[in-house]
2 protein chains.
Amino acid sequence: MFGNPWIHKRMMQEGLRMTQTRMIILDVLSKRPEHHFSAEEIFIIAHRINPTIGFATVYRTLDLLTRLGVIQKFDFGDGKARYELMMGNKISHHHHLVCTGCGKIIDYTDFTDEEKELMERTEKALSEKYKFKIKNHIIQFYGLCNDCNVERR
Amino acid sequence: MFGNPWIHKRMMQEGLRMTQTRMIILDVLSKRPEHHFSAEEIFIIAHRINPTIGFATVYRTLDLLTRLGVIQKFDFGDGKARYELMMGNKISHHHHLVCTGCGKIIDYTDFTDEEKELMERTEKALSEKYKFKIKNHIIQFYGLCNDCNVERR
DNA sequence: TCCTTATTGATAATAATTCTCATTATCATT
DNA sequence: AATGATAATGAGAATTATTATCAATAAGGA
Ligand SMILES: [Mn+2]
Ligand SMILES: [Mn+2]
Ligand SMILES: [Zn+2]
Ligand SMILES: [Zn+2]
């Protein structure tokens, strides 16, 4: 069962409770840290583990974890929200290429040091200029994957 | 009435028709190039100009214009899609700060030359590495605006 | 003007997400 | 370990943004 002390502590601080359902949902997410889960996918798997879990609770939990910064919520344009664990041990922070032809999502993490450094500088500059406390960011490139680009001739 | 020759030509090429309704919707968007329109907002204004315009057509047109790259579609997390003209004469391409407290959206265009150049290099590198034809991109920073950050103490 | 067909408006249908409320489970305290 | 305040849950109804359907209309090439 999922037992991340950082998350647990964080919840306690906020007066929240670490319930079975929340642990199961975190478990589901942590088993495939590279996957872009829809709420329904999470519900189906969690429900298989514990059939008493309801759909509404999955939504509530995903919303909570997003607010806590434990997971990140994405919109890839297919009409449903997608979720990913933010602290996936290996994958860590990354961005996405979104194919508008077939919906394929490509993760990419290969930042150069230069890129990382520039992002940090940009964030700092924006924070100061707009008095805006930045918590996280999303970068998505839209276009056509190789398959979709080829078949278009 | 909106008469952008580039858009008109582009549509003709694709066998599309430049209709009254499409011109009115483009008009609405071009009148406030800095605004983040919801479909409903556009419908209301367009409908005031020509009460025969229907809601479904607004959605269809927004979808079409997005596919053509004339407008850009955004998700700022409030449950409805937002649209902006891409070729706003002055504003041009820009990114967003999204306040998760009150939903306020701040545009920012102030890229350094370094940033612009790096984005281009990154796009090129990604295109080659992943054989992915990039059409556009979205960058959003999430966090708290000044008002929301202050009142949190 | 005529003809082909892309487009439209009205409306029903769909589907993701949120709300309601009675019941249950968590956890600090005893 | 038992208690109690209340955060959390599940079931299902409700909401709401977006799509699909289909007969009627209008764009634009000839
Ligand atoms: Mn990812
Ligand atoms: Mn904007
Ligand atoms: Zn594709
Ligand atoms: Zn705010």
Side-chain angles (χ1 to χ4, degrees), chain A residues 1-3 5 7-26 28 36-44 46-68 70-71 73-83 103, chain B residues 1-3 5 7-26 36-44 46-68 71 73-83 103:
Chain A
M1 183 63 65
F2 196 84
I7 298 177
H8 196 283
K9 190 174 155 198
R10 184 79 198 293
M11 298 188 98
M12 291 301 104
Q13 287 173 340
E14 306 270 343
L16 303 169
R17 295 171 184 181
M18 180 50 80
T19 66
Q20 287 300 314
T21 300
R22 286 174 181 171
M23 280 193 277
I24 288 173
I25 289 173
L26 279 166
V28 170
H36 308 109
F37 286 98
S38 68
E40 188 182 21
E41 285 177 322
I42 293 171
F43 167 71
I44 290 173
H47 191 266
R48 212 151 50 211
I49 296 169
N50 180 343
T52 71
I53 292 175
F55 216 144
T57 302
V58 171
Y59 272 106
R60 281 185 292 235
T61 302
L62 291 173
D63 187 53
L64 177 72
L65 294 175
T66 300
R67 276 185 281 117
L68 289 176
V70 172
I71 65 179
K73 180 179 183 176
F74 295 98
D75 169 46
F76 295 137
D78 67 343
K80 56 191 78 173
R82 302 277 168 176
Y83 303 85
Chain B
M1 182 62 66
F2 195 84
I7 298 177
H8 197 282
K9 190 174 154 197
R10 184 80 199 293
M11 297 188 98
M12 291 300 105
Q13 287 172 342
E14 306 270 344
L16 302 169
R17 293 171 185 181
M18 181 49 82
T19 65
Q20 287 301 312
T21 300
R22 285 173 183 173
M23 281 194 277
I24 288 173
I25 290 172
L26 280 165
H36 308 108
F37 285 99
S38 68
E40 188 182 20
E41 285 176 321
I42 293 171
F43 168 70
I44 289 173
H47 191 267
R48 212 151 50 212
I49 296 170
N50 180 345
T52 71
I53 291 175
F55 215 146
T57 301
V58 171
Y59 272 106
R60 281 185 293 236
T61 302
L62 292 173
D63 187 54
L64 177 72
L65 294 174
T66 300
R67 276 184 281 116
L68 288 177
I71 64 179
K73 181 179 183 177
F74 295 97
D75 168 47
F76 294 137
D78 67 342
K80 55 192 78 173
R82 302 278 168 177
Y83 303 86

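Only a predicted model underlies this, so the values are computations on that prediction, with no experimental measurement involved.
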Handout entry: Residue list, side chain to side chain contact (heavy atoms under 4.5 Å, CB included) with A:I44, at least two apart or on another chain
Key = A:E40, A:R48
Handout entry: With A:F43 via side chain to side chain contact (heavy atoms under 4.5 Å, CB included) - residues at least two apart
Key = A:H47, A:F55, A:V58
Fill in the blank from the handout: B:E14 atom CD is separated from D:dG29 atom C1', nearest whole Å, by 18 Å
Fill in the blank from the handout: Between A:I53 and A:A46, the two heavy atoms sitting closest are CD1-O, 3.8 Å
Completion exercise
The side chain to side chain contact (heavy atoms under 4.5 Å, CB included) partners of B:T61 (sequence neighbours excluded) come to B:R22, B:I25, B:T57, B:L65
Fill in the blank from the handout: Rounded to whole Å, the CE-P distance (A:M18 to C:dA25) equals 18 Å
Exercise for the section: Rounded off to whole Å, could you give me the CD-to-C1' distance for the A:Q20 and C:dC27 pair? Expected result: 13 Å
Handout entry: Residues in salt bridge (Lys or Arg N to Asp or Glu O under 4.0 Å) contact with B:R17, at least two apart in sequence or another chain
Key = none
Exercise for the section: Take atom NE2 of B:H8 and atom C1' of D:dG29, then tell me their distance rounded to the nearest Å. Expected result: 13 Å
Problem - Interatomic distance where CZ belongs to B:R17 and P belongs to D:dG28 [whole Å] - result: 7 Å
Handout entry: Test side chain to side chain contact (heavy atoms under 4.5 Å, CB included) applied to A:K80 - qualifying residues, sequence neighbours left out
Key = A:S38, A:D78, A:R82
Handout entry: B/S/- contact track for nucleotides 9-18 of chain C, protein heavy atom under 4.0 Å
Key = BBB----SBB
Practice task
Round to the nearest Å and state the distance from B:L68 atom CG to C:dT7 atom P.
Solution key: 10 Å
Handout entry: Residue mapping more 5' on DNA chain D - nearest nucleotide basis, B:L16 or A:T61
Key = A:T61
Exercise for the section: Take atom CG of A:D75 and atom P of D:dA17, then tell me their distance rounded to the nearest Å. Expected result: 15 Å
Practice task
Starting at atom CE of A:M23, determine the distance to atom P of C:dA25, rounded to an integer number of angstrom.
Solution key: 14 Å
